[in-house]
Amino acid sequence: MNLPDDIQELWQQDNSQKENHAMWMQLIQEKRRGFNELVRAENQAEYLLALVFGSLLPLLAVKAKFPWAQVGFGLLAAAMVVLAIATKVCDRQRPRQNDDSLREHLEALTESYDRRIRFMRNGRFLVSLPLSAGLIAVILGIPGYGSSVGAWCFVVSLLAAFWSAQWQLYMRARASILKKRGEAERLLRELPRD
């Protein structure tokens, strides 16, 4: 038995496990940072949209001549403000940062992906309802437009385009996150047992 060689071999095995753990942790943290940057960029775009329209639409409500148009603009402005608040609340629900196992870090990352998908689906749907009602009130609130077939056709086509765009935006963002989630699940399967 060669004692120094055995000790060196044990040290290398132990060091290799620590290096392997560090590499996995770095990979998970890179995925977390990439996802956080994506969410931050999307949230900033929503904040900017809410800031611009949330301040412009109340002015239009005050300037509107007809009561239903005023209600419609007010509803649109309120929907924008609610979107910004909901985005902020969802953004504050960060997963716990812990020094637990790699598996728990990956599971927390997967949970973040799922939470973002749920927020986008529910948020887009719930905000689209008052936005749609506001658009209807603005356009059909003009006297004489409520009984006009042309105005109704315009409203229906505008709402169809709006809901279609909302659906496309959701599906594109969801596909991107599901791709990241699939990568995280693959890493979870490849993760060595602790």
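Throughout, residue positions are numbered sequentially from 1 according to the sequence presented.
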Side-chain contact, heavy-atom cut-off 4.5 Å: Glu42 with Met120? yes
Are Leu178 and Leu109 connected, step by step, through hydrophobic side chains (Ile, Leu, Val, Met, Phe, Trp, Tyr) whose heavy atoms are closer than 4.5 Å? yes
Report, as yes or no, whether the 6.0 Å neighbourhood of atom CD on Glu30 holds more than 12 heavy atoms from other residues, nucleotides or ligands. yes
Point-to-point distance, once rounded to the nearest 0.5 Å, from CD of Gln29 to CZ of Arg32: 10.0 Å
I'd like to know if Leu159 and Leu126 are part of one continuous hydrophobic network [Ile/Leu/Val/Met/Phe/Trp/Tyr, side-chain heavy atoms within less than 4.5 Å]. yes
Less than 4.0 angstrom from a charged side-chain N to a carboxylate O is my criterion; do Arg115 and Glu111 meet it? yes
Connected via hydrophobic side-chain network under 4.5 Å: Phe125 and Leu83: yes
Minimal non-hydrogen separation, Ala184 against Thr110, with atom names: CB-OG1, 3.9 Å
Worked check of side-chain contact (heavy atoms from CB on, under 4.5 Å) between Leu76 and Phe53: CA-CA 8 Å; Leu76 290 170; Phe53 286 109; over 6 Å; no
Separation of Tyr113 OH from Glu183 CD (nearest 0.5 Å): 7.0 Å
Would Leu135 and Val155 count as a side-chain contact (heavy atoms from CB on, under 4.5 Å) if you check the C-alpha gap in whole Å, the side-chain angles of each, and the deciding distance to 0.1 Å? CA-CA 8 Å; Leu135 285 172; Val155 166; over 6 Å; no
Would you indicate whether the side-chain heavy atoms of Leu158 and Phe162 approach each other to under 4.5 Å? no
Arg116 vs Phe35, side-chain contact (heavy atoms from CB on, under 4.5 Å): CA-CA, chis, key distance, verdict: CA-CA 10 Å; Arg116 184 65 183 182; Phe35 178 66; 3.7 Å; yes
Taking the side chain as every heavy atom from C-beta outward, state whether Trp68 and Ile142 have any pair of such atoms under 4.5 Å apart. no
From CG (Leu60) to CZ (Phe73), nearest 0.5 Å: 5.0 Å
If you apply the rule side-chain contact (heavy atoms from CB on, under 4.5 Å), what do you find for Lys88 with Tyr47, and how did you get there? CA-CA 9 Å; Lys88 186 63 176 174; Tyr47 293 146; 3.4 Å; yes
Has Ser176 got a side-chain atom pairing as donor or acceptor with Arg172's backbone, closer than 3.5 angstrom? no
So, taking the atom named CG in Leu131 and the one named CE in Met80, what distance separates them when rounded to the nearest 0.5 Å? 5.0 Å
Any chance you could measure Leu75, atom CG, to Ser132, atom OG, to the nearest 0.5 Å? 9.5 Å
How close do Leu140 and Ala151 get, heavy atom to heavy atom, and via which atoms? CD2-CB, 4.0 Å
Heavy-atom side-chain contact between Val127 and Gln166 under 4.5 Å: no
Distance (rounded to the nearest 0.5 Å) between Trp167 CH2 and Arg174 CZ: 7.5 Å
Could you pull out the closest heavy-atom pair between Ala61 and Gly74, with the gap in Å? CB-N, 4.0 Å
Of all the heavy-atom pairs spanning Ser147 and Gly144, show the shortest one and how long it is. OG-O, 3.5 Å
Single-linkage hydrophobic cluster, 4.5 Å side-chain cutoff, Leu129 and Ile136 together: yes
Scanning both residues in full, the closest heavy-atom pair of Ala84 with Ala50 reads CB-CB, 3.6 Å
In terms of hydrophobic clusters joined by side-chain contacts under 4.5 Å, are Leu57 and Leu49 together? yes
Identify the two heavy atoms, one from Ile139 and one from Tyr145, that lie closest to each other, and give their separation to 0.1 Å. O-CD2, 3.4 Å
Gly146 backbone acceptor or donor facing Trp152 side chain under 3.5 Å: yes
